[in-house]
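To start, the structure under review is shown below, and the notes come after it.
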Amino acid sequence: MRCNAVLASALYSSAVLLGHVRAQDADDVAASSSTSAQESSTLPVEKPTFTPSHLKAPFFEQFTDDWKSRWAPSHAKKEDSKTEEEFAYVGTWEVEEPHVLKGIVGDKGLVVKNPAAHHAISAKFDKMIDNKDKTLVVQYEVKLQNGLECGGAYMKLLKENKELHAEQFSNASPYVIMFGPDKCGATNKVHFIFKHKNPKTGEYEEKHMKNAPMARIVKTTSLYTLIVKPDQTFEIKVDGESMKTGSLLEDFTPAVNPDKEIDDPKDTKPKDWVDEARIADPEATKPEDWNEDAPYEIIDDEATKPDDWLDDEPTMIPDPEAEKPEDWDDEEDGDWIAPMVPNSRCDEASGCGKWEPPTKKNPAYKGKWTAPFIDNPAYKGIWKPKLIPNPDYYEDKTPANFEPMGAIGFEIWTMQSDILFDNIYIGHSIEDAEKLKAETYDIKHPIEVNEDEATKPKPADPPKSPMDLKFMDDPALYVREKVDLFWTIAKKDPIQAMKFVPEVAGGLGVIAATLIVLVVSVLASSGSSPPPAVKKAAENVKQSAVDAKDQVIDAATSGVEKVQAEVNKRTTRSSGPAE
């Protein structure tokens, strides 16, 4: 009965201790959240009301109540040559006000409603846009209300095509320009891709901008602007700040124009061509005194045994402080033998036991002989095939004269919902795009930023380091901080947790050892199975440990599988057939 009481008390104390730590943490979080909510709800915020702009452009969209007359979602199948699996554009779209950091009352945008889904929607232009010898300006707002871990928020300007049907819009639909942010894993960029027609073959090829700037992954509104001028230069702005400038002729890959000359595919390297710059000296010979068999180390004949060397002392001895346990039974357990420990007398001298001379590096060691290298007198240099005129060469000096565009479309895959698009401008006036920015982005963005800052929890006083705490100063705080630190480290590396916070690891070990000893004592003394209460408590402790381990393994495994699934499903750009 006494053992049972001790066991129950140990289990109860452990549960109470850990439960108290977690409960107090929950109370702290709840109190912090309540304080933040009260502060945010009392913030005086004066927000303007949305008023439609009077700007005109070849295409201008603010998603007013008649938006459905212009936009049509697609439910086509996505074409992907890399997999046999078919993906349908099942993602839904809505036009609504933002639910996160609203800057202007009544200001609605086009919103992606489904996470982990393919979305496609498009709108035809009233009149095709032809920017030949004109400046092209593309500008729109993106609001990542739930962030962006893996997904695109880019737009496509589609090629003018009388047979373009909105309900069949997909990744295979011919486009002229693809522009906007994209992020998944290590990828984080603002795309600018345009399709260029080979004047000789009539085939289309995607030209990708080099060194793309990073997208702004924030929950406030971001403004993306692309400007392409007739002089073949371009500029990309993010939130009105110039992030990238360059030339269509120099800053894209593959290059717009192919090389004038190419390697002759029929030219082959002559058999007698020598392209080894250095060779082993053929005239060099191994010296007669070179001994390849000499060992690397030899016994040091000059070494002498130290005067204090203890030849008769063993390096290990029975522990003189060890005592035979009281419950040791010689008949059942055999003869008791004290454990061996290092001989302390050896620490006081140069060494113990049989002395043997040490080894030293052999001065005669030279290793295997090899001939030295010399410049190759027959060397002819690195062979290259001769150059011939490129039969596919052409020169397009005006790639900025894009093909006419007839529609705009969003065709994206995203793991996050509630991506909002708004205030889309496609036209030829940099000044009008700036005016639109002043009427919309410049008004809402400061309001969003201020609200975001105001609703963030205020930083508390810097907590004292758990490693600096003392048990007697505040026992409850000491236990809570130490346990929290242990579990935080253990989630990533249990071994480091035991090394860094040995107090908790030792406490858990003592509890486990106590349980084992008590259970064994009960069995040995009574000769019967443990009482149901003790047995159930032990099983609960064991199951809790197994569950904790499984949760860590499952979390890591599911995380890897989730990322892999996202990568497998999603393609960054179009992979449809060439036009």
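In this chain, numbering begins with 1 at the start of the sequence shown. Not measured: the values here are computed from a predicted model.
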Derivation of the salt bridge (Lys or Arg N to Asp or Glu O under 4.0 Å) call for K156 and E411: CA-CA 8 Å; K156 291 182 178 179; E411 184 268 314; 2.9 Å; yes
How far does [atom1] of [X] sit from [atom2] of [Y], to the nearest 0.5 angstrom?
X    : Y    : atom1 : atom2 : value
T414 : I419 : OG1   : CD1   : 3.5 Å
L436 : L55  : CG    : CG    : 6.0 Å
I236 : L226 : CD1   : CG    : 6.0 Å
H99  : K143 : NE2   : NZ    : 9.5 Å
N188 : K183 : CG    : NZ    : 6.0 Å
C184 : K189 : SG    : NZ    : 12.0 Å

Test side-chain contact (heavy atoms from CB on, under 4.5 Å) applied to N131 and M405, K229, E403, the passing residue: M405
Salt bridge (charged side-chain N to carboxylate O under 4.0 Å, His left out) pairs, two or more places apart, involving residues 49-67: E61-R70, D65-K108, D66-R70
Pairs flagged by salt bridge (charged side-chain N to carboxylate O under 4.0 Å, His left out) wherever residues 412-430 is involved - sequence neighbours left out: K113-D418, D422-K444
Between [X] and [Y], is any pair of side-chain heavy atoms under 4.5 Å apart?
X    : Y    : answer
I426 : I408 : yes
T225 : E241 : no
N390 : E261 : no
Y393 : D259 : no
Y140 : L223 : no
I262 : D392 : no
F50  : P52  : yes
I104 : T49  : no

Mark yes or no for whether [X], through its side chain, and [Y], through its backbone, hold a donor-acceptor pair below 3.5 Å.
X    : Y    : value
T201 : E203 : yes
S74  : E167 : yes
Q416 : E149 : yes
H75  : Y89  : yes
K200 : P391 : yes

Please report, to 0.1 Å, the donor-acceptor pairs under 3.5 Å made by any side chain of residues 247-257, with sequence neighbours excluded.
unit_1 : atom_1 : unit_2 : atom_2 : d
S247   : OG     : L249   : N      : 3.1
D251   : OD2    : S247   : N      : 2.7
N257   : OD1    : D396   : N      : 2.6
N257   : ND2    : D396   : O      : 3.2

Stepwise side chain to side chain contact (heavy atoms under 4.5 Å, CB included) check, S53 with Q62: CA-CA 8 Å; S53 174; Q62 291 190 297; 3.7 Å; yes
Evaluation steps, side chain to side chain contact (heavy atoms under 4.5 Å, CB included), between I129 and H428: CA-CA 10 Å; I129 298 177; H428 310 290; 4.0 Å; yes
Can [X] and [Y] be counted as having a side-chain donor-acceptor contact under 3.5 angstrom?
X    : Y    : answer
E448 : Y441 : no
K435 : Y425 : no
E206 : H208 : yes

Restricting to non-hydrogen atoms, name the atom on [X] and the atom on [Y] that form the minimum distance, rounded to 0.1 Å.
X    : Y    : result
V138 : L157 : CG2-CD1, 3.8 Å
I443 : P48  : CG2-CG, 3.7 Å
R216 : Y224 : N-OH, 3.1 Å
F169 : I121 : CE2-O, 3.5 Å
I447 : E46  : CD1-O, 4.4 Å
A120 : W93  : O-NE1, 3.4 Å

My understanding is that only residues two or more places apart in sequence, or in another chain, count here; which of them pass side chain to side chain donor-acceptor pair (under 3.5 Å) with [X]?
X    : value
K207 : E205
T440 : E141
S417 : N146

Stepwise side chain to side chain contact (heavy atoms under 4.5 Å, CB included) test for K244 and N211: CA-CA 9 Å; K244 174 79 174 180; N211 304 318; 3.7 Å; yes
Parallel, tilted or perpendicular: rings of F410 and F421 (30°, 60°): parallel
Derivation of the side chain to side chain contact (heavy atoms under 4.5 Å, CB included) call for Q139 and K437: CA-CA 9 Å; Q139 180 172 285; K437 172 178 175 291; 4.2 Å; yes
N-O pairing of K102 and E97 below 4.0 Å: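 So K102 pairs with E97 through a salt bridge.
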Flag if over 12 foreign heavy atoms under 6.0 Å of NZ, K127: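 Incorrect, the count does not exceed 12.
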Y154 and F179 aromatic centres sub-6.0 Å: no
